[in-house]
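Each chain gets a letter, A, B and so on, in the order the sequences are listed, and its residues count up from 1. Below, all heavy atoms of this structure are taken into account, side chains as well, without hydrogens, waters or symmetry copies.
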Protein chains: 2
Amino acid sequence: MSMQDTASSGVALWRLVADGIERGIADGRFAAGDKLPGEVEIAETYRVNRHTVRRALAALAERGIVRAERGSGTYVEAQKLAYPLRSRTRFSEIVGADGREPHGRLIEASDDVATRELARELGLKAGAPLVRIEAMRLADRTPICVSTTWLSAQLFPGAGEIFAATRSMTKLLEHYGVRDYRRGATRITAGIVDATDAARLDLALGRPILVVDATDHDLDGKPLVTKHSRFAAERVEFLVEP
Amino acid sequence: MSMQDTASSGVALWRLVADGIERGIADGRFAAGDKLPGEVEIAETYRVNRHTVRRALAALAERGIVRAERGSGTYVEAQKLAYPLRSRTRFSEIVGADGREPHGRLIEASDDVATRELARELGLKAGAPLVRIEAMRLADRTPICVSTTWLSAQLFPGAGEIFAATRSMTKLLEHYGVRDYRRGATRITAGIVDATDAARLDLALGRPILVVDATDHDLDGKPLVTKHSRFAAERVEFLVEP
DNA sequence: CCAAGTTGTCTATGATACTAGACAACTTGA
DNA sequence: TCAAGTTGTCTAGTATCATAGACAACTTGG
């Protein structure tokens, strides 16, 4: 590798090395507890100066993904949360199943107005009044995702306050008499985190995120809420079952 | 924004601006054909020098996402391929449905040996002989994904040559008498492209990719092939149906 | 204890990223 | 025609990135 490569990509070399190592961990090439190759060896495989490797490892260490031991080596620490995308998906259940403590946090609730797209998703007319809830979900103390959720302000008046009190979308819907609901069509793509979400998710700028758009329906198929969620890609892995 | 931010993230400022604009396009904030805000305005919103914005726009223009017109403005060009993740998924059908021409390309076929994980996926013993096929899929002339596919060398002897001739996994399986097959459990996450895949996908280093791991089964549930695919996130959007 | 291998720290140098300011070239609408 | 707004191009200065080399501090295994 050379500076030429990074000039055209806008990503620092050490960052590419860090991403490569991180992917090796995600792939299972390096398991939790394993010792990574030495700095000199990594430098050779990536054709990079050892200082550049050190910077990459320092970044990974700061994020708690590896741990360096002087004189001995650098060791792997972490792994991802398995997040099944079933028709009936509840964040708290998924996190609980991983042996961790789920948390919800309200960032902001505000009034909004339906764009054409939001109206279509929710079965409303463009311009209809909505409640917009910006929320965050954590496993133990680790931020997993931030979501923007929209609900009809007419069907769910005062939804913002209810969510603030319950910090759970399931309980919010229960409060309005919705016993059960199902996830509808879901769109998934990836992108790069923006500055606002980076701060919320405690992610470095430039990290990848999984972007999920979905609408939940009641058992009659009537749309209830539509969501735009951004997941820290380094902390989760979606499971789609056949 | 400041250099401080980029120092800790390892991503150039212009890259963050470019990613932000690209996300705006993906989100629909800027539709195809729309005029973007002026360079000065973008510079103000990102709190960045106008030259930095120009560099971001130049990068987007080079990738064919926007087009600058001197004296007038900068305009949006592109959009993503919708990729449904159904139980019965065929690349050629998806691309055809988008009005584009699907292509397959063999990068490399070689013999391999099952790791513990591969063996579990394929229902074989660790160390069993495998055929490993590295292939690429395109829509028109645009690379969409690269996949590494593993098959049992005993069940599918000479699979590499067959794929080279047919350039289709469906036809390869037909050749061995498999009439139909289904996608099994699928794992999706996001990451940053590595140098090899970047070259194959014609992506800049540091771009996000969607990483998909899946195993296909025959109608009796017997595993046939297991795949590790990397999609250019900027060119596709997965659709998961309930 | 010793040798080999590891991470940690220092100095130095050239290339690049970002900022700042100024002006040219062009388009659009009044 | 003219003014306002747009993209295109140039010059500079400062901070950061990446490389290179040397050595210290520490761990491990023989």
| Atom-to-atom span, CZ of A:R55 to P of C:dG8 - whole angstrom | 15 Å
| Have B:S229 and B:R137 got a donor and an acceptor in their side chains that come within less than 3.5 Å? | no
| field | Taking every non-hydrogen atom, the tightest pair across B:P208 and A:I192 | value | CD-CD1, 3.9 Å
| field | Atom-to-atom span, CD of A:E44 to C1' of D:dA20 - whole angstrom | value | 15 Å
Name the pairs: protein N/O against N/O of nucleotides 4-7 of chain D, kept only if under 3.5 Å.
unit_1 : atom_1 : unit_2 : atom_2 : d
D:dG5  : N2     : B:G71  : O      : 2.9
D:dT7  : OP1    : B:T74  : OG1    : 3.3
D:dT7  : OP2    : B:E39  : N      : 3.0
D:dT7  : O4'    : B:G71  : N      : 3.3

| query | For the residue pair A:K35 and A:S72, what are the closest heavy atoms and their distance? | reply | NZ-O, 3.1 Å
| request: Take the protein atom CG of B:N49 and the nucleotide atom P of C:dT16, then report the distance between them rounded to whole Å. | output: 20 Å
| request: Classify the side chain of B:H51 and the base of C:dA17 as holding, or not holding, a donor-acceptor pair under 3.5 Å. | output: no
| Thinking salt bridges, do A:E134 and A:R230 make one under a 4.0 Å N-O criterion? | yes
| task | Inspect the contact between B:D19 and B:R15 and indicate whether a charged nitrogen and a carboxylate oxygen are less than 4.0 angstrom apart. | result | yes
| task | Please state how far atom CG in A:L13 lies from atom C1' in D:dT16, giving the value in whole angstrom units. | result | 13 Å
| task | Quick one: closest heavy-atom pair of B:M136 and B:P143, and the distance? | result | CE-CB, 3.8 Å
| said: With a cut-off of less than 4.0 Å, is there a side-chain N or O of A:T52 near OP1 or OP2 of D:dT19? | reply: yes
